[in-house]
Amino acid sequence: MNGIQIKGVTKRYRLARQEILALQQIDVNISPGEFIAVVGPSGCGKSTLMRLVAGLHPVTTGSITVEGRPVSGPVTDVGIVFQSPVLLDWLNTLDNVLFQADIRGLPVAEYRARAMELLRQVSLQDFANSYPYELSGGMRQRAAIARALLHDPPLLLMDEPFGALDALTREQMRLDLEQLWVTTRKTVIFITHSVDEAVLLADRVLVMGPRPGRIVRELRVNLPRVRGLEARRDRRFFDYCGEINEIFFSQGVLRQADEPGGAQAPKP
Ligand code: ADP
């Protein structure tokens, strides 16, 4: 079966003096080409879930299948984008993208045309010869996205990819990622703290509660594509965001400012 099947997954980290239950009984099926956003408070296990799907950590119980194969070690047919773009300072943008082919032992020269096409798709075609220090934060993250897609993986895992960007750049990246996804239809797992971003990007939002990490709600987002800027004015966008924020209120992740432990109102 293609796509991703996560069945009864629990993850415990064993430290010297304690055990951390990071994920508890996760059951999710993700269809090929589906865009999934995972939203939840810090420490709820979002990155852990991503690392388990990528095979970077073993599950404690349960099983994960990616593109029909049970995950038992690092999954190769995947593109990963982290919050920090991790580009190599001594390589230009094109060579940073081609590095994906290099580390996989693929014929680098044969991937040049594809790398240039990907740079065009992320609007970096004029910066192929620039070095990372010559690029803005958003441009570096675009290069990292192009690099993640070079080997044409069916699955793209994105862990807070826009978390370090300023608000305007982040909005532009969101618009461009949707456009890229519409043309490539990769299966995407996108991890974020931002409720807006999750709703605007995803077909389905998995809302996670505080530790130990569980999925407390799955929300199907029925907003037409391409959502672009328009979706921000759609009544349903407000309803979806409101529904998720309600969950965070009920779980104690968000509090009213005048509740004990909430933010103090500024003194007049
Ligand atoms: P999130 O991405 O939602 O912020 P994480 O998946 O990073 O959450 O972490 C979930 C919990 O697991 C946290 O309590 C964190 O401290 C713990 N954790 C994450 N990675 C490790 C690790 N490699 N070893 C031990 N504990 C970890």
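Indexing begins at 1, ligand by ligand and atom by atom, following the structure's order. Everything numeric here is computed off the predicted structure, so don't read it as measured data. Heavy-atom basis, side chains included; hydrogens, waters and symmetry copies ignored.
- Considering CD1 of I4 and CD1 of I189, their distance stands at 4.0 Å, rounded to 0.5 Å.
- At a 4.0 Å heavy-atom cut-off, ligand 1 touches R51 through the side chain alone.
- Using a 4.0 Å heavy-atom cutoff, G40 is absent from the residues neighbouring ligand 1.
- The closest protein non-hydrogen atom to atom 11 (C) of ligand 1 is G43 O, 3.8 Å.
- Every atom of ligand 1 with a heavy atom of S42 under 4.0 Å away is listed here by number and element: 4 (O).
- Taking CD of E197 as the start and CE of M173 as the end, the distance is 10.0 Å to the nearest 0.5 Å.
- Among protein heavy atoms, atom 8 (O) of ligand 1 sits closest to G45 N, 3.2 Å.
- For atom 24 (N) of ligand 1, the nearest protein heavy atom (residue, atom name, distance) is Y13 CD2, 3.5 Å.
- We find the CZ-CG distance between R227 and L229 to be 13.5 Å, quoted to the nearest 0.5 Å.
- Within a 4.0 Å radius of atom 27 (C) of ligand 1, the protein contributes at least one heavy atom.
- Taking distance alone, with nitrogen or oxygen atoms compared against 3.5 Å, I20 stays at or beyond that limit from ligand 1.
- Note on D196 versus R174: no salt bridge recorded, every NZ/NE/NH1/NH2 to OD/OE distance being 4.0 Å or above.
- Note on R232 versus E171: salt bridge recorded, some NZ/NE/NH1/NH2 to OD/OE distance being below 4.0 Å.
- For ligand 1, one of its N or O atoms has an N or O atom of K46 under 3.5 Å away.
- Under a 4.0 Å heavy-atom criterion, P41 is in contact with ligand 1.
- Aromatic ring orientation, F35 versus F190: tilted (interplanar angle from 30° to 60°).
- Distance CG/N2 to CD1/I30: 13.0 Å, rounded to 0.5 Å.
- In terms of modelled atom types and a separation under 3.5 Å, the side chain of K186 and the main chain of P153 share a donor-acceptor contact.
- Listed by number with element, the atoms of ligand 1 under 4.0 angstrom from any heavy atom of L15 are 25 (C).
- Residue, atom and distance of the protein heavy atom nearest to atom 7 (O) of ligand 1 are S47 CB, 3.8 Å.
- When only non-hydrogen protein atoms are considered, atom 9 (O) of ligand 1 lies nearest to T48 OG1, 3.9 Å.
- Nearest approach of R204 to N29, heavy atoms of both residues: NH2-O, 2.6 Å.
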